[in-house]
Amino acid sequence: MTESNFLRELHDPDVPVPEGMQSSVAVTNLRKLADTVYNWGRRNSIWPMAFGLACCAIEMIATASSRFDQARFGMEVLRASPRQADLMLVSGTVTKKMVVPIVRLYNQMSEPKYVLAMGACAIGGGPFKEGYNVVSGVDKYIPVDVYVPGCPPTPQALLWGLIKLQEKIDKQSLGNANSTPWYGRGPSDEVPVPVLGPDIVDPRQAHLLRREAEAVQAQMVQAEGEEN
Amino acid sequence: MADQSPAVETVNPVDDAINHLIEKFGAAVQRDTRDGYSGVIVDPAQLVRVGRYVRDTLNYEYLANAAAVDYLGKGDHLEMVYHTYRVSGGPALVLKAQTPREDAVLPSLVPVWPGANFQEREAWDLMGIRFDGHPNLKRILMWEGFAGHPLRKDWKEAYYEQDQKPFDSRWPGGQVSRSEEHNAYGKNVKYPDGFTLDDYESLAEKAIYDTMPLGVDVSADISTDRVVVSLGPQHPSTHGVFRMVAAIEGETIRGLEPVMGYLHRNHEKIGERNTFLQNMPFTDRLDYFCSLSNNLGYALGVEQLMAHGARWEAPSRRAEAIRVLMVELTRILNHLVAIGFMLNDLGAYFTPLMYAIIERELILDFFEAVTGSRMMCNYMRFGGVAADLPASLRSTANQVNDRVREFDTMQYLRELIHDRLPRAVDQTDQLLTTNEIVTSRCIDVGILSKEDAIAYSAAGPVLRASGVPYDIRRAEPYSLYPELEFDVAVRYHGDIYDRYLIRLDEMRQSLRILKQILPILEETKGQSFFSGRGGIYSPRVPAGESYGRAENPKGELGYYIVSDGGQNPWRYHVRAPSFINLTALEQMSKGNKIADVVAILGSIDIVLGELDR
Amino acid sequence: MYGSGILRGLGVTLRHLVNTYVEDIRWGFRRHIPNEAFPQRQGLQTRGIFTVEYPDEKLAVPERFRFIPFLVVENYDHPERPGHDWCTSCGICAKVCPPQCIWIVRGTDPVTNRPKPEPEEFFIDIDICMNCGLCAEFCPFDAIKMDHDYELASYDRTTAHIYNKQHLSKEFNYWKAIAPTRAEEEAQARGGWDHKDVIKQREKEAKAQAGGPTRPTVTGP
């Protein structure tokens with residue numbers, strides 16, 4: 001058995017542990033041990049990006065300051081640069097104009113990266129959902145790990161969300177490429193940056209647009225034909 | 001207004017001014033005779049001349065607000081409304097100009113009042129009125145290339161459901177769904193027919209850089225290329241999602257353009273669909289530091305309208321006292337944090353802000369116990385406040401490890417006002433005022449002269465730091481302010497340092513007001529906190545227009561409200577101090593170093609929720 | 001002297017630093033005894049350390065605190081109508097809701113097909129709710145109230161964030177527990193701890209027993 005094969009089998013939860021080895025599960029525990037160490041390190045040194053959008057950002061600052069003190073969770077290092085940040089706290093209303101920079105910032109963050117949607121607006125548009133310039137949830141563009149409802153969530157609610165995020169990190173495993181894609185080979189996929197056209201356009205929906213346009217054209221041709 | 005006594009009319013300076021205008025311009029100026037309206041309608045061809053006359057001869061030199069209204073189905077025209085004031089105080093002279101909805105054009109008033117610059121751009125962006133003679137007419141809140149002018153009454157958004165709330169689908173049928181489920185793209189989008197991404201080029205970024213003053217300046221000693229630097233929207237010292245595009249030569253600013261709209265949440269469009277009461281919690285989210293002051297401004301605006309109706313009772317003395325209490329606490333809270341943020345921008349990072357936030361938390365404890373929320377208080381109602389002060393600030397414990405606190409409300413307030421907050425203000429003073437780094441970075445930087453401050457419609461601490469003692473609490477008093485004793489803080493240099501000092505002064509004045517409010521609260525204990533009948537969720541608001549203005553911590557917050565007598569406002573416009581104060585940013589920054597721009601921005605104290613609405 | 005301003009400022013920060021230790025020494029072990037040092041540390045007397053050790057100790061919220069609304073139902077051990085909705089589906093909350101996040105399906109009587117005063121379904125989309133509290137403020141039956149539970153963070157919004165009636169319902173005792181003063185005020189206004197309609201019904205019956213029908217009953221022609 002080559003080493004890489006061995007590791008792959010080690011990482012694959014579907015491969016059963018041979019019967020004789022179950023009493024001495026040092027091998028499987030090695031993975032668990034690695035997971036524990038990795039996750040312990042990651043969960044206790046989450047560096048959020050200093051990035052505030054709206055009202056919730058003020059509660060985020062309140063969370064970071066002395067009364068609620070994020071530093072107790074190892075999260076006090078607010079980084080202004082996405083390159084140095086692990087966590088994007090989307091704190092506030094995501095507008096169509098702002099979602100372009102948000103996607104860019106998300107792409108620039110290095111793995112492992114997490115996104116926490118704070119407040120009703122970031123989760124699903126919130127009270128401003130019906131507005132013409134509001135994105136109904138940041139998860140329409142980038143993947144979100146934890147949602148913290150509230151308008152705005154109190155600092156304690158946000159801390160609860162951060163604890164939830166830590167719990168999520170605890171459950172991640174080196175062996176499971178689905179939950180931790182950044183241990184795979186090669187760069188992770190970038191989210192295509194939306195385009196500000198007559199309205200915001202998600203490039204992933206270009207085919208939908210084309211289909212609609214063709215349908216409209218077909219209708220026009222048909223209407224013309226009927227006139228003639 | 002119709003049943004005003006003639007005795008009042010003769011001494012009314014506005015009437016006097018209107019008579020002057022009519023005498024001078026004849027048929028080009030007409031009284032606005034619509035029921036519930038005031039001011040004059042000016043012939044667009046004469047608008048600039050009238051504006052000059054109003055400014056220079058009649059001395060209404062301060063343009064507070066310029067708002068556009070779409071009268072679709074009510075005359076089918078667009079109307080631009082200008083509120084002008086005398087710096088010495090008094091009510092507004094309102095100018096209006098009308099233009100047809102198709103091909104809407106009006107002359108620009110920027111040559112008369114540079115402060116109209118952004119407001120006219122906003123009117124072009126959202127209402128589609130083109131301003132002849134405007135130096136830089138392009139979209140301001142939306143991006144260049146966006147389809148349509150969203151505030152027009154016939155423009156419908158992607159999630160459009162009904163013209164007015166409440167929506168029929170909510171009750172009794174209750175067809176629950178998410179709006180995106182009804183959209184072909186699953187998102188809040190709609191496109192013109194036949195639009196595809198194939199060879200589409202977005203104008204949004206290009207348009208921003210088009211007007212920057214670039215090129216080589218050969219006249220200077222060292223000729224360098226001008227470079228355009230874009231700061232934001234993600235930048236640690238832009239107070240949120242604000243963006244500046246600066247043309248710099250070496251490190252010196254030669255041109256600067258604020259780019260905004262990154263938090264444009266369509267407050268006004270949603271506001272026109274809401275009922276009057278439903279707008280109250282939305283106003284919380286304008287300037288999210290000062291939700292209570294926003295509430296008050298809006299309540300004043302609607303109460304002005306309601307006062308014309310039958311069965312209107314003014315708020316009781318207790319209600320007014322509570323209002324002033326809340327608003328002044330908000331002012332202290334805001335100024336403490338604003339100074340903290342300004343120092344953050346200057347490079348002190350978090351220390352002053354940390355200290356400010358401790359005091360802020362203590363005030364928020366009070367707000368939370370009284371109104372139910374730390375930040376989004378939703379506390380004022382038309383005719384009073386939502387609830388009386390509780391007897392004690394008690395935190396209930398419903399979970400095992402909750403820690404209980406209980407303070408007597410009045411005792412807490414007394415301690416807060418007489419002891420804690422004065423100490424906090426003094427501490428800030430001690431920490432910063434004589435600090436050499438602060439003084440060397442702030443003194444004589446970002447100067448805004450008195451004349452410019454008025455011309456650019458600056459408001460609040462920015463205006464008063466430039467030597468204009470204009471405070472709405474004195475110039476056009478509301479609530480209990482006429483009987484309260486306080487001074488209007490004013491400083492004369494108009495630099496960053498003065499804008500910092502004036503915030504300290506104002507906090508001290510606020511404490512003075514609060515000390516006078518405490519005995520009033522004691523003596524009115526037990527009085528009703530709400531006039532009229534409670535439990536009415538759709539108060540009757542007579543048709544007409546009103547402009548409710550309040551002296552917010554950041555400056556004049558105005559609500560221009562047009563009612564057609566229905567349950568919803570026909571037009572709901574917010575005059576946001578942060579937005580209009582920024583008009584002067586370029587003026588303040590030109591010639592300074594790029595590092596100072598951040599400090600200048602900090603000294604203006606903007607908040608994005610209000611700036612972009 | 002140049003630099004004196006900076007020194008003065010540093011004095012302020014030094015005072016903050018020293019205060020943390022002074023307070024620690026002053027309170028000693030008592031700092032960790034619940035509800036003794038805490039109000040002092042989290043009140044206006046606070047000096048030095050101001051931190052709430054969140055998951056271990058929580059800053060309790062005041063009675064008026066508003067988070068997502070919930071529906072009051074009759075206590076589950078109520079003798080007559082356990083678990084019965086207080087809501088009569090009058091629709092005022094749905095009408096007054098500023099972001100329109102409430103959907104109500106009014107109940108119908110299966111026999112007569114006429115609307116009956118209880119909701120068949122009740123939805124609140126917490127992704128839209130702005131916690132403004134207007135629904136609770138204007139509910140004439142005290143049937144919708146603002147909750148105090150803010151620990152709602154979740155990993156998925158598509159399945160769990162539109163609360164239905166089952167999710168929203170909490171018994172009346174819960175409201176009494178989280179907001180005792182207000183529950184009592186409301187009970188006084190209603191005239192008893194029960195639902196408004198039950199009290200009215202009871203009064204009517206009492207009157208009927210005491211002095212016959214209060215209103216002349218209309219008899220057929």
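Every chain is numbered from 1, with letters handed out A, B, ... down the list of sequences.
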Quick one: are [X] and [Y] in side-chain contact, heavy atoms under 4.5 Å?
X        : Y        : result
B:Arg285 : A:Cys151 : yes
B:Gln234 : A:Met49  : yes
B:Pro233 : A:Phe51  : no

Between [X] and chain B, which part of the residue has a heavy atom less than 4.5 Å away: side chain, backbone, both or neither?
X        : value
A:Ala57  : neither
A:Glu130 : both
A:Leu78  : both
A:Pro101 : side chain

[X] versus chain A, the contacting section by heavy-atom distance below 4.5 Å:
X        : value
B:Tyr288 : side chain
B:Asp198 : side chain
B:Ile357 : side chain
B:Tyr160 : neither
B:Phe195 : both
B:Phe146 : both
B:Lys190 : both
B:Phe350 : side chain

Minimum heavy-atom separation for [X] to [Y], with atom names?
X        : Y        : value
B:Ser202 : A:Val195 : CB-CG1, 4.1 Å
B:Arg265 : A:Val134 : CA-CG2, 4.1 Å
A:Ala62  : B:Glu361 : CB-OE2, 3.6 Å

Options A:Lys129, A:Glu59, A:Lys97, ranked by heavy-atom pairs under 4.5 Å with chain B, top entry: A:Lys97

Rounded distance [0.5 Å steps], [atom1] in [X] versus [atom2] in [Y]:
X        : Y        : atom1 : atom2 : answer
B:Leu263 : A:Cys55  : CG    : SG    : 7.0 Å
B:Met354 : A:Ser65  : CE    : OG    : 5.5 Å
A:Asp199 : B:Trp143 : CG    : CH2   : 5.5 Å

Would a distance-only check, ignoring hydrogens and angles, find a side-chain to backbone donor-acceptor pair under 3.5 Å from [X] to [Y]?
X        : Y        : value
B:Tyr262 : A:Val94  : no
A:Thr95  : B:His264 : no
A:Gln205 : B:Tyr185 : yes
A:Lys96  : B:Asn188 : yes

cation_pi(B:Lys187, A:Tyr141) dist<6.0 Å, angle<=45: yes

A:Tyr132 and B:Tyr159 aromatic centres sub-6.0 Å: no

Check: B:Thr196/A:Arg210 side-chain N/O donor and acceptor closer than 3.5 Å: no

Over 12 non-hydrogen atoms of neighbours within 6.0 angstrom of CD in A:Glu76: yes

Pair B:Asp365 + A:Arg67, salt bridge at N-O below 4.0 Å: yes

